[in-house]
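First listed ligand is number 1; within each ligand, the first listed atom is number 1.
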Amino acid sequence: MPLPLEGIKIIDFTGVQAGPACTQLLAWFGADVLKVERPGTGDVTRRQLRDIPDLDALYFTMLNSNKRSIELNTKTPEGKKILEQLIREADVMVENFAPGALDRMGFTWEHIHELNPRLIFGSVKGFAEGHPYSDLKVYENVAQCAGGAASTTGFWDGPPTVSAAALGDSNTGMHLAIGILTALLHREKTGEGQKVAVSMQDAVLNLCRVKLRDQERLERVGYLEEYPQYPKTPFGDAVPRGGNAGGGGQPGWILKCKGWESDPNAYIYFTIQEQNWAQTCEAIGHPDWKTDPNYATAKARQPHIFDIFADIEKWLADKTKFEAVDILRKFEVPCAPVLSMKEIAHDPALRALGSVVEVEQEKRGTYLTVGSPIKFSSFTPTIKGAPLLGEHTDEVLAHLGYAAADIAALRGKQVI
Ligand code: CAO
């Protein structure tokens with residue numbers, strides 16, 4: 001059965017993480033993704049944080065699976081001509097160069113649109129066009145700071161903190177993928193391509209919307225009752241960092257379990273769900289809290305919520321995180337063990353679901369990566385290896401009509 005995006009040709013003029021994450025997702029769903037890379041070097045991630053000398057780094061292979069690769073110097077006249085040929089027959093082109101880099105190469109949106117009016121042009125930048133910082137080069141953590149994530153992450157007595165999750169990079173790529181698919185549907189109706197731009201700042205902010213909600217609430221009432229600061233510590237005029245508090249109005253915290261003294265991940269996340277309070281009391285051996293006026297309502301609990309968490313930790317002291325979750329799940333307490341990357345890598349359930357997969361990579365052998373987080377009822381994406389640098393150069397040029405002698409000449413001039 002053909003994959004949903006089969007027949008869609010994508011020029012992947014991207015590097016590092018934000019752009020490659022977008023095109024990789026589309027490749028998993030069947031698009032023919034051709035990565036255009038600088039001759040001899042390619043995407044910088046091929047060499048970044050290598051674990052095996054001289055082999056493409058995992059950083060590259062985990063973001064470029066299911067793609068093809070052509071080496072092409074798009075700053076030479078011949079290279080520009082080849083890129084123009086590719087643009088004429090593509091459906092989508094994606095880039096995430098530094099601001100102005102593509103324009104300097106001569107590939108402005110206007111020129112690309114003129115070459116192929118049906119083409120959808122996806123672009124990632126750190127800041128949106130028109131933003132005062134739109135000239136800045138941006139990496140992950142820069143975006144997390146500019147998008148409101150860093151100022152609201154961490155503990156109130158520590159500095160702004162970035163998340164390990166790639167809110168700036170992969171998250172922006174996922175937003176762009178949604179934009180590109182929407183533009184493809186639009187093209188079905190109108191025949192017209194368009195430019196789809198996503199800034200990393202906007203993509204981070206989109207995930208921080210509850211913090212913007214909290215800013216508005218703070219400005220109206222002067223406090224945020226679900227934050228650990230409430231009611232003892234006065235609030236300032238901006239949303240503070242709330243540690244591990246739940247953001248949805250259901251108090252929660254990361255609690256110690258058996259073995260926390262030596263295992264940095266012997267913890268669970270425990271949520272006190274208002275509508276499940278009676279069952280929660282039963283689960284943790286405190287049926288008396290159901291009717292005690294100091295515990296019976298969320299309002300009564302909030303002033304001493306950390307004493308309650310401390311009592312729950314006493315109950316957890318002789319249980320591993322897995323044993324605790326096995327008990328709490330029976331009482332419908334929203335909770336989970338804090339899983340280490342080692343536990344995730346070896347988790348048989350994640351392997352069986354295809355959320356963690358082993359992939360065969362030329363020269364490297366097998367390596368572990370994430371599979372599709374999106375599960376479809378009609379197909380299962382197969383994750384394949386990433387291309388070697390220029391692995392498909394000859395094949396692509398032959399398809400464009402270049403004879404073997406022309407290809408050799410281009411190679412001699414270091415165009416490819
Ligand atoms: N042939 C010839 N030249 C090529 C080429 C090719 N195939 N591919 C890239 N180049 C050139 C570019 O044209 C550019 O040249 P100029 O600077 O002379 O115009 C040069 O290589 C550098 O490309 P770049 O701008 O992408 O790389 P950088 O190291 O200067 O910046 C980054 C990297 C990520 C900071 C920047 O690209 C950026 O801000 N991108 C937008 C935001 C983004 O996506 N960041 C996420 C990265 S994931 O953490």
Test log, rule side chain to side chain donor-acceptor pair (under 3.5 Å), inputs Q144 and Y139: CA-CA 9 Å; Q144 289 202 27; Y139 285 107; over 6 Å; no
Side chain to side chain donor-acceptor pair (under 3.5 Å) assessment of E84 paired with H111: CA-CA 10 Å; E84 288 185 354; H111 181 47; 3.0 Å; yes
Side chain to side chain donor-acceptor pair (under 3.5 Å) assessment of S65 paired with Q24: CA-CA 6 Å; S65 55; Q24 175 174 260; 2.8 Å; yes
Test log, rule side chain to side chain donor-acceptor pair (under 3.5 Å), inputs E391 and S69: CA-CA 6 Å; E391 188 178 338; S69 163; over 6 Å; no
Derivation and outcome, side-chain contact (heavy atoms from CB on, under 4.5 Å), residues I70 and E395: CA-CA 9 Å; I70 176 176; E395 167 186 309; over 6 Å; no
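With hydrogens left out, the protein atom closest to atom 47 (C) of ligand 1 is V16 CB, 3.8 Å, a heavy atom. For atom 5 (C) of ligand 1, the closest non-hydrogen atom of the protein is R38 CG, 3.4 Å. Summary of contacts: the protein heavy atom closest to atom 37 (O) of ligand 1 is A98 N, 3.0 Å. Remark: minimum distance from atom 43 (C) of ligand 1 to any protein heavy atom is reached at M200 SD, 3.6 Å. In terms of protein heavy atoms, atom 23 (O) of ligand 1 is closest to F97 CD2, 4.0 Å. In terms of protein heavy-atom proximity, atom 12 (C) of ligand 1 is closest to M105 CE, 3.9 Å. The nearest heavy-atom contact from the protein to atom 2 (C) of ligand 1 is N73 OD1, 3.3 Å. In terms of protein heavy-atom proximity, atom 44 (O) of ligand 1 is nearest to N96 ND2, 2.9 Å.
The side-chain contact (heavy atoms from CB on, under 4.5 Å) test with K35 is passed by exactly one of I11, I10, T23, T14: T14.
By the 3.5 Å distance cut-off applied to N or O atoms, G15 is not counted among the residues near ligand 1. Taking only nitrogen or oxygen atoms, main chain and side chain alike, T74 reaches within less than 3.5 Å of ligand 1. By the 3.5 Å distance cut-off applied to N or O atoms, Y139 is not counted among the residues near ligand 1. In terms of N/O distances under 3.5 Å, ligand 1 is approached by V138.
Under 4.0 Å from ligand 1, not a single heavy atom of V44 appears. Looking at K137 against ligand 1, both its backbone and its side chain come within 4.0 Å, counting heavy atoms.
Less than 4.0 angstrom separates some heavy atom of Q17 from each of these atoms of ligand 1: 48 (S). Applying the 4.0 Å criterion to heavy atoms of V124 picks out, from ligand 1, the atoms 41 (C), 44 (O). Within ligand 1, counting atoms from 1 as listed, the ones closer than 4.0 Å to a heavy atom of L72 are 1 (N), 6 (C), 7 (N). Taking a cut-off of under 4.0 Å to the non-hydrogen atoms of D169, the atoms of ligand 1 that pass are 46 (C), 47 (C), 48 (S), 49 (O).
Expressed to the nearest 0.5 Å, how far CD of Q48 lies from CZ of R50 amounts to 10.5 Å. Taken to the nearest 0.5 Å, the CG atom of D12 stands 9.5 Å off from the CG atom of L26.
Less than 6.0 angstrom separates the ring centroid of Y230 from the ring centroid of Y223. Ring to ring, Y269 and W253 are not that close: their centroids are 6.0 angstrom or more apart. Aromatic rings of F97 and F13 (six-membered ring for Trp) have centroids within the 6.0 Å cut-off, being under it.
When the options K75, R104, E37 are ranked by their closest heavy atom to atom 19 (O) of ligand 1, first place goes to R104.
Within 4.0 Å of atom 40 (N) of ligand 1, at least one protein heavy atom is present.
In this pair, H131 and Y133 present their aromatic rings tilted. The plane angle is within the 30 to 60° band.
Ligand 1 is approached by A18 to a heavy-atom distance shorter than 4.0 Å.
Between the K256 side chain and the L316 main chain, no donor and acceptor come within less than 3.5 Å of each other.
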